[in-house]
4 protein chains.
Amino acid sequence: MSRGNTHQRIQDVALELFAERGYEKTSLREIAERLEVTKAALYYHFKTKEDILVSIVDDFNQPVVELIEWGREQPRTLETKKEILRRYSEALSRAQPLFRFIQENQASLRDLSLGERLKKRMFTLSALLVEEDADLVDRVRATTSLFTMHAAIVAMHDSGDAPEDRRQAALTVAYELITSAHHGD
Amino acid sequence: MSRGNTHQRIQDVALELFAERGYEKTSLREIAERLEVTKAALYYHFKTKEDILVSIVDDFNQPVVELIEWGREQPRTLETKKEILRRYSEALSRAQPLFRFIQENQASLRDLSLGERLKKRMFTLSALLVEEDADLVDRVRATTSLFTMHAAIVAMHDSGDAPEDRRQAALTVAYELITSAHHGD
Amino acid sequence: MSRGNTHQRIQDVALELFAERGYEKTSLREIAERLEVTKAALYYHFKTKEDILVSIVDDFNQPVVELIEWGREQPRTLETKKEILRRYSEALSRAQPLFRFIQENQASLRDLSLGERLKKRMFTLSALLVEEDADLVDRVRATTSLFTMHAAIVAMHDSGDAPEDRRQAALTVAYELITSAHHGD
Amino acid sequence: MSRGNTHQRIQDVALELFAERGYEKTSLREIAERLEVTKAALYYHFKTKEDILVSIVDDFNQPVVELIEWGREQPRTLETKKEILRRYSEALSRAQPLFRFIQENQASLRDLSLGERLKKRMFTLSALLVEEDADLVDRVRATTSLFTMHAAIVAMHDSGDAPEDRRQAALTVAYELITSAHHGD
DNA sequence: AATGAATGAGTATTCATTCAT
DNA sequence: CATGAATGAATACTCATTCAT
């Protein structure tokens with residue numbers, strides 16, 4: 001009815017299934033069946049299975065790339081760092097299924113080149129959270145501040161706490177970590 | 001020259017490959033080839049592909065189970081908690097390839113029942129790091145203290161820092177986190 | 001040249017081979033080779049090997065089901081019974097390769113659920129050939145009247161007699177048996 | 001403890017399983033497991049899987065061969081024929097599992113050469129039940145008289161009637177059939 | 001914009017059999 | 001009399017992908 005519609009639906013269903021069952025174990029047959037089209041139809045819209053995944057990741061990637069660019073232009077104050085964490089936690093919340101997928105399918109992502117790209121991005125982001133000459137402990141603090149959010153938002157998924165509460169709690173802990181790092185503790 | 005030898009060699013090579021290429025993407029053919037035996041030989045020693053993995057995980061699992069048991073019998077002092085983290089970091093260091101594998105293949109582990117077992121274990125362990133009635137922020141701190149070590153030991157794998165340095169730095173950060181949690185923030 | 005054609009050809013060749021070499025010993029490779037398609041092509045048309053068999057049996061099954069339904073609506077006279085035998089002998093003649101297959105592969109059919117279905121059908125049919133309160137000898141006569149036809153049409157396959165002659169002879173003997181049973185001997 | 005013991009136990013268990021699950025679908029592993037020995041042990045006692053089957057069939061074969069020899073020396077009176085049927089029904093009763101196996105696994109037996117041997121034996125036996133120049137109908141009667149017993153003793157296995165009753169009923173019907181055949185109807 | 005039919009390469013798994021000990 | 005270790009060949013089945021229509 002509206003063009004580009006199927007394209008979008010494929011991405012949605014694919015992500016759903018990739019997150020549910022893993023990338024390798026999700027077959028194009030399953031995606032096609034859930035969409036009630038044929039496998040061949042998928043190939044009209046995407047060149048390969050990998051292509052479907054890449055297109056999904058690329059779409060959700062945008063906000064984080066922008067966040068990194070924004071962060072680069074700011075003075076490296078504690079306020080800036082907090083703002084980065086806050087924005088990252090929001091991106092994480094919004095794109096939860098994708099991040100869950102990424103976290104659980106690192107092995108698959110590895111040789112799809114996507115893996116490296118994502119890792120580098122995380123590394124770049126965490127670099128914005130400490131001084132350039134920071135010692136190892138501070139760098140661990142910075143990395144951990146990002147991991148906290150993954151832990152709280154994605155991994156504590158079925159702890160019984162409300163998503164927004166988990167996000168706030170994660171932010172609190174993340175703030176503490178980069179505050180310590182900021183002083184050089 | 002061979003005495004219960006092959007069994008062990010299969011586990012070693014399998015873990016090597018599972019960690020290298022992921023569980024799904026590692027085929028029994030590859031394992032057999034690297035061992036220079038036939039696929040059928042694998043089946044003499046293990047009932048299924050899953051069985052190979054389970055046997056590996058079970059072996060490395062032992063120390064963590066013991067740690068949990070030990071932790072349960074101790075008074076829940078700050079000292080105890082630090083000792084738990086210290087011991088966990090050691091287990092993590094020793095069994096690095098396995099933990100890297102676990103972290104990167106969660107999707108595969110999920111429906112191998114192993115997934116749930118491992119998640120529960122992590123949950124149990126983190127519960128030993130806070131008071132029973134701790135609030136969400138403290139629980140996030142506890143969970144994060146474990147994640148810190150995964151981040152530093154496993155994920156920062158190619159940051160250029162020495163493994164033992166990363167382990168110590170992770171411990172430092174983890175101590176801070178559970179110390180905050182211990183006060184009740 | 002091909003229009004729903006392959007589906008049919010698979011059934012034909014499969015039955016041919018199943019009858020020739022037995023169900024278990026016929027591999028999908030052989031079926032595919034004789035058809036000059038790939039194994040995967042078979043899976044485009046049928047979900048499993050069992051499915052191929054079931055589809056064949058179901059097709060030939062129809063006439064017998066109809067015969068049973070017809071028989072149920074008739075008065076249980078000697079004439080009706082003879083008519084049942086006559087029609088059954090015709091079905092048997094037409095679908096000889098299938099019945100030969102069924103007779104020779106009971107062990108395989110057993111756990112394909114088909115076994116039970118077929119046995120029940122035979123039982124139902126033989127029940128239409130005697131009074132409801134018939135004694136054991138009469139029930140044996142009824143069952144035997146069906147078996148006669150299997151014996152003469154299928155098993156005496158290479159006795160040197162013409163098929164149609166064997167069918168007529170079998171009918172003669174079958175008539176005698178149910179005539180005895182009808183009197184209550 | 002007594003020599004030849006294992007040999008015997010293998011035959012027993014093998015027949016049990018062959019009858020239960022079919023020849024093809026019974027693996028040497030299963031036989032070995034049920035016996036609580038290793039597969040290799042089976043090879044100490046029998047050269048091949050087929051060999052196990054052949055040895056079983058040969059053992060049970062003896063009585064029927066003797067019956068045929070006995071029949072050949074008798075005058076072909078109605079009394080003789082009845083005696084043949086009676087003795088055959090007894091053999092059938094005693095060796096039920098074997099005959100059930102034979103009936104359900106004809107496809108497997110076929111290319112084990114056993115098939116032909118057994119068919120020939122049945123043919124020879126039925127030939128003893130009619131005059132040499134008998135017409136087709138009489139030959140069908142003779143064949144059917146043997147089939148009756150298979151039907152009643154083996155196939156009506158779960159009709160709810162006692163085995164011995166079924167045997168007697170089958171004999172009754174079989175007598176009728178060869179009596180008709182004897183007159184030349 | 002999509003389908004029907006097919007393929008080639010692969011997968012995990014099973015089996016009968018062998019042989020040194 | 002038997003086992004432990006292994007093999008070679010097979011099997012049913014799945015998958016991403018292609019292409020003519």
Side-chain angles (χ1 to χ4, degrees), chain A residues 1 3-7 10 24-32 35-52, chain B residues 1-7 9-10 24-32 35-52, chain C residues 1-7 10 23-32 35-52, chain D residues 1 3-7 10 24-32 35-52:
Chain A
M1 205 163 267
R3 68 181 70 190
N5 188 19
T6 302
H7 195 91
I10 292 174
E24 318 281 2
K25 306 220 327 194
T26 300
S27 71
L28 295 187
R29 180 173 53 69
E30 285 170 301
I31 297 177
L35 279 165
E36 294 180 72
V37 295
T38 56
K39 268 184 295 174
L42 304 182
Y43 279 89
Y44 179 82
H45 294 278
F46 297 91
K47 273 222 305 255
T48 63
K49 183 185 179 186
E50 182 172 346
D51 226 55
I52 300 180
Chain B
M1 200 164 262
S2 71
R3 185 111 284 265
N5 197 13
T6 305
H7 196 90
R9 282 176 62 225
I10 292 173
E24 318 280 2
K25 306 224 325 196
T26 301
S27 73
L28 295 186
R29 182 176 52 71
E30 284 171 305
I31 298 178
L35 280 166
E36 293 180 64
V37 295
T38 58
K39 271 182 290 169
L42 304 182
Y43 279 91
Y44 178 76
H45 294 279
F46 298 91
K47 279 221 302 247
T48 60
K49 183 185 180 186
E50 180 172 350
D51 224 55
I52 299 181
Chain C
M1 202 164 263
S2 72
R3 185 113 283 267
N5 196 13
T6 305
H7 195 91
I10 292 173
Y23 176 75
E24 319 278 4
K25 306 223 327 197
T26 300
S27 72
L28 295 186
R29 181 177 51 71
E30 284 170 305
I31 298 177
L35 279 165
E36 292 180 65
V37 295
T38 58
K39 271 181 291 168
L42 305 182
Y43 280 92
Y44 177 76
H45 294 279
F46 297 92
K47 278 223 300 250
T48 61
K49 184 186 178 185
E50 181 172 348
D51 225 55
I52 299 180
Chain D
M1 206 161 265
R3 69 181 69 189
N5 188 20
T6 303
H7 196 90
I10 292 174
E24 318 280 2
K25 306 221 325 194
T26 300
S27 71
L28 294 187
R29 181 172 55 68
E30 284 171 302
I31 297 176
L35 279 165
E36 294 181 73
V37 295
T38 55
K39 268 184 294 173
L42 303 182
Y43 279 89
Y44 180 81
H45 294 278
F46 297 92
K47 274 221 307 252
T48 63
K49 184 185 179 186
E50 181 172 348
D51 226 55
I52 299 180

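In what follows, chains are A, B, ... by sequence order, proteins preceding strands, each numbered from 1.
Here Ser27(C) contributes atom OG and Lys39(C) contributes atom NZ; the two are 8.0 Å apart, rounded to the nearest 0.5 Å. The distance from the NZ atom of Lys47(C) to the CD1 atom of Ile52(C) is 13.0 Å, given to the nearest 0.5 Å. The OG1 atom of Thr26(A) sits 11.0 Å away from the CZ atom of Arg29(A) when rounded to the nearest 0.5 Å. Rounding to the nearest 0.5 angstrom, the gap separating the OG1 atom in Thr6(C) from the CG atom in Leu35(C) is 8.0 Å. Rounding to the nearest 0.5 Å places CD1 of Ile10(C) at 10.0 Å from CG of Leu28(C).
When atom types are taken as modelled, the side chain of Lys49(C) and the backbone of Tyr23(C) share a donor-acceptor pair closer than 3.5 angstrom.
Only Val37(C), Thr38(C), Lys39(C), Ala40(C), Ala41(C), Tyr44(C), His45(C), listed by number, bring a heavy atom of residues 37-45 of chain C to less than 4.0 angstrom from any atom of DNA chain E.
Stem regions annotated for DNA chain F: E:2-21 with F:2-21, counting only runs of 3 or more consecutive pairs of Watson-Crick or G-U type with both contacts under 3.5 Å.
Between Phe46(C) atom CZ and dC13(F) atom C1' the separation is 16 Å, expressed in whole Å. One interatomic measurement links the two molecules: CG of Asp51(A) to C1' of dA16(F), which rounds to 13 Å at whole-angstrom precision. The interatomic distance linking Ile31(C) (CD1) with dC13(F) (C1') rounds to 14 Å, in whole Å. As a whole-Å value, the separation of Glu24(D) CD from dT14(E) C1' is 14 Å. Regarding Glu50(B), its CD atom lies at a distance of 16 Å from the C1' atom of dT11(E), rounded to whole Å. Rounded to an integer number of Å, the gap from CG of Leu28(B) to P of dA12(E) is 4 Å. Regarding Lys25(A), its NZ atom lies at a distance of 19 Å from the P atom of dC13(F), rounded to whole Å. Here the C1' atom of nucleotide dT17(F) and the NZ atom of Lys47(A) are 13 Å apart, to the nearest Å.
Nearest-nucleotide mapping onto DNA chain F: of Glu36(B) and Glu36(D), the residue sitting toward the 5' end is Glu36(D).
Closest of all the heavy-atom pairs between Glu24(B) and Lys25(A) is OE2-CD, 2.9 Å. Here the shortest heavy-atom pairing between Tyr43(D) and Thr48(D) reads CE2-CA, 4.3 Å.
Applying the side-chain contact (heavy atoms from CB on, under 4.5 Å) rule to Ala41(D) yields the partners Val37(D), Thr38(D); only residues at least two apart in sequence or on another chain are considered.
Distances shown here put a side-chain N or O of Thr6(A) below 4.0 Å from the OP1 or OP2 atom of dA2(E). A sub-4.0 Å separation between OP1 or OP2 of dC15(E) and a side-chain N or O of Arg29(D) is present.
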